[in-house]
Amino acid sequence: MPQLAQDLQGIVNHKLDALLPSDIRLFDKYVSQYEGVIKLTLGEPDLNTPEHVKQAAIADIEANDSHYAPQSGKPELRQAISKYVKGLNGVEYDPESEVAVSVGATEALNAVLGALLNAGDKVLVPTPVWSMYMQLVSLTGATPVEVDTSADGFVLTPEKLEEVLKKEGKGVKAVMINDPSNPTGVVYPKETLEGIAKVLKKYHVYAISDEIYAELIYGEAKHYSLTTFAPERTIYVSGLSKSHAMTGWRLGFICGPAEIMKNICKMNNFLITSLTNNVQAAGVEALTNGLDDPKEFKAIYERRLTFMEEGLRELGFDMARPQGAFYIFAKIPDKFKGDDVAFAKSLAKEALVGVTPGSFFGDGGKGYIRMSYASSDEDLHEALKRIGKFVSEH
């Protein structure tokens with residue numbers, strides 16, 4: 001096996017030196033060492049991609065669609081995305097100049113941040129939130145500024161946003177919003193988004209709105225998009241991973257005003273060249289003939305949410321009411337003294353249930369744990385039994 005030449009040691013991108021691998025992934029690997037563990041750690045649906053979507057990809061392969069696609073995505077897919085987003089949010093994006101296809105929502109965020117930011121810029125990141133946000137911002141040379149939302153029901157209020165913008169000064173270029181939220185499942189109310197839009201306009205900053213879970217809303221909750229209230233300064237990121245159980249297909253998309261999309265598309269093109277053709281064919285099918293597919297998935301998740309929420313509350317866990325996505329973000333019982341990492345490690349070792357410590361999602365998540373209810377009904381029932389036994393024995 002070759003060893004790197006001694007004189008090349010340390011010749012790397014030093015921005016990476018300060019960034020650790022994903023805590024969430026590392027902890028998932030940690031709990032996997034225990035044989036028989038039930039993992040509620042990752043946002044991975046146990047459901048299958050709809051059959052008609054899979055068949056569309058197979059047909060595309062059989063048709064020998066094996067050449068480079070347009071860099072921003074095939075016209076038919078961009079048209080389908082534009083129509084879909086208009087139906088969901090009421091905002092119309094030009095398929096030619098305001099829509100781009102990406103390799104999942106994570107790559108979309110890389111393209112957006114890479115197109116917007118310069119070294120020394122700041123990006124506001126409300127926490128708790130998916131921890132990759134901070135790492136992606138840091139890779140650009142910009143600085144992520146955590147905004148703890150735990151005292152406000154895990155929602156960034158307009159008042160808090162303005163307070164932080166005043167404190168941080170002109171260096172702030174953008175604020176990132178994840179709605180519905182990973183890890184909390186909280187959905188932003190309409191009036192909150194309206195207030196945020198007013199503050200954004202006042203302080204001349206972008207919003208990056210990650211709405212990957214928008215199709216998974218439960219009960220009386222309703223999803224409103226920030227794009228509806230500030231379309232001229234909001235960059236919309238989403239995809240099909242969650243709505244159509246297509247995590248491994250890696251199909252995301254970006255929408256925004258044409259002027260900034262020129263830069264975003266350029267960065268996106270540098271990152272991916274083009275998206276796989278058969279994946280794009282599957283995307284067209286999902287967004288044209290599969291608009292009802294998320295409804296079936298949503299009914300399953302909502303049933304699981306009700307079961308888990310009721311069971312956990314009986315065991316002494318408190319939580320913000322989950323209204324979307326497929327996570328419960330629960331405060332660990334007081335007797336465990338708020339150490340979410342120690343709690344999660346002990347739960348994995350003693351009860352064989354894997355959950356994710358809340359502190360991995362930023363300062364706003366300390367003392368909480370995240371549990372995904374995208375696992376099977378059987379696993380969730382058994383996991384709740386094990387958690388109950390663990391809590392009663394401590």
Side-chain angles (χ1 to χ4, degrees), residues 15 18-20 23 109-110 112-184 186-211 224-237 256-257 260 320 329 331 338 340 357-368:
K15 292 176 186 174
L19 300 180
L20 297 174
D23 285 334
L109 291 169
N110 268 297
V112 171
L113 294 169
L116 290 183
L117 301 176
N118 296 290
D121 290 342
K122 299 176 184 178
V123 178
L124 304 187
V125 183
T127 66
V129 77
W130 185 52
S131 61
M132 195 74 77
Y133 282 4
M134 273 74 83
Q135 294 163 317
L136 297 183
V137 171
S138 296
L139 278 173
T140 69
T143 300
V145 178
E146 290 192 37
V147 182
D148 187 340
T149 65
S150 57
D152 296 308
F154 299 121
V155 166
L156 177 66
T157 65
E159 296 78 15
K160 186 68 173 181
L161 174 59
E162 184 155 22
E163 174 191 326
V164 177
L165 284 169
K166 285 180 179 178
K167 177 184 176 183
E168 295 297 332
K170 294 182 179 179
V172 177
K173 295 297 175 65
V175 56
M176 301 182 76
I177 301 290
N178 182 209
D179 178 24
S181 165
N182 170 14
T184 66
V186 167
V187 174
Y188 274 67
K190 178 182 179 182
E191 58 272 18
T192 300
L193 292 173
E194 289 175 329
I196 288 174
K198 291 178 181 177
V199 176
L200 293 173
K201 294 171 186 178
K202 182 177 176 181
Y203 286 87
H204 315 296
V205 296
Y206 283 100
I208 302 166
S209 189
D210 178 353
E211 301 180 25
Y224 296 92
S225 174
L226 187 56
T227 60
T228 305
F229 309 108
E232 74 286 354
R233 61 182 63 248
T234 302
I235 299 164
Y236 174 86
V237 171
I260 189 59
F329 201 63
K331 188 174 183 180
D340 51 283
S359 55
F360 291 177
F361 300 93
D363 290 342
K366 291 179 179 177
Y368 288 78

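Since we're looking at a predicted model, the values are computed, not measured. Below, all heavy atoms of this structure are taken into account, side chains as well, without hydrogens, waters or symmetry copies.
The CD1 atom of I177 sits 12.5 Å away from the OG1 atom of T227 when rounded to the nearest 0.5 Å. If you take OH on Y368 and OG on S150, they are separated by 6.5 Å, rounding to the nearest 0.5 Å. Rounding to the nearest 0.5 Å gives a distance of 7.5 Å between CG of L200 and CG of L165. To the nearest 0.5 Å, atoms CG (L136) and CG (N110) are separated by 4.5 Å.
Under the side-chain contact (heavy atoms from CB on, under 4.5 Å) rule, T192 has a single partner from L226, V187, V155, which is V155.
Annotation: side chain of T140 is not in contact with side chain of L116 (no heavy-atom distance under 4.5 Å). Side chains of Y206 and I260 form a contact here, defined as non-hydrogen atoms less than 4.5 Å apart. Contact of the L113 side chain with the I208 side chain is registered, since non-hydrogen atoms from C-beta on lie closer than 4.5 Å.
A pairwise comparison of heavy atoms in D179 and V186 identifies OD1-O, 4.2 Å as the closest pair. Listed here is the closest heavy atom pair of Y224 and L193: O-CD1, 3.1 Å.
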For residues 119-134, dump all side-chain donor-acceptor pairs below 3.5 Å to protein atoms at least two apart in sequence or in another chain.
residue: D121; atom: OD1; partner: K173; partner atom: NZ; Å: 2.9
residue: D121; atom: OD2; partner: N118; partner atom: N; Å: 2.7
residue: D121; atom: OD2; partner: K173; partner atom: NZ; Å: 3.4
residue: K122; atom: NZ; partner: E168; partner atom: O; Å: 3.0
residue: K122; atom: NZ; partner: E168; partner atom: OE1; Å: 2.9
residue: T127; atom: OG1; partner: G364; partner atom: N; Å: 3.2
residue: Y133; atom: OH; partner: D210; partner atom: OD2; Å: 2.7

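In this structure, the side chain to side chain contact (heavy atoms under 4.5 Å, CB included) partners of A230, at least two apart in sequence or on a different chain, are A197, K201, E232, R233, T234. For the ring-ring contact (aromatic ring centres under 6.0 Å, His included) test, residues two or more places apart in sequence or in another chain that qualify with F360 are F27. Scanning for side chain to side chain donor-acceptor pair (under 3.5 Å) contacts around S359 gives D340, with sequence neighbours left out. The side chain to side chain contact (heavy atoms under 4.5 Å, CB included) test applied to K198 returns no partner, not counting sequence neighbours. Under the salt bridge (charged side-chain N to carboxylate O under 4.0 Å, His left out) criterion, K202 pairs with E162, not counting sequence neighbours. Scored by the side chain to side chain donor-acceptor pair (under 3.5 Å) test, N182 finds R370 as partners (sequence neighbours excluded).
Residue pairs meeting the salt bridge (charged side-chain N to carboxylate O under 4.0 Å, His left out) criterion with at least one partner in residues 125-140, sequence neighbours excluded, are absent. Screening residues 132-161 for salt bridge (charged side-chain N to carboxylate O under 4.0 Å, His left out) gives K160-E163 as the qualifying pairs, with residues at least two apart or on separate chains. The salt bridge (charged side-chain N to carboxylate O under 4.0 Å, His left out) analysis of residues 127-141, with sequence neighbours excluded, yields no pairs. Within the structure, no pair that satisfies the salt bridge (charged side-chain N to carboxylate O under 4.0 Å, His left out) test touches residues 127-138, not counting sequence neighbours. Sorted by first then second residue, the ring pair (Phe, Tyr, Trp, His ring centres under 6.0 Å) pairs that include residues 155-184, not counting sequence neighbours, number zero.
Aromatic rings of F361 and F154 (six-membered ring for Trp) have centroids beyond the 6.0 Å cut-off, not under it.
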Check: Can you list the steps and then say if Y203 with V172 is a side chain to side chain contact (heavy atoms under 4.5 Å, CB included)?
Finding: CA-CA 9 Å; Y203 286 87; V172 177; over 6 Å; no

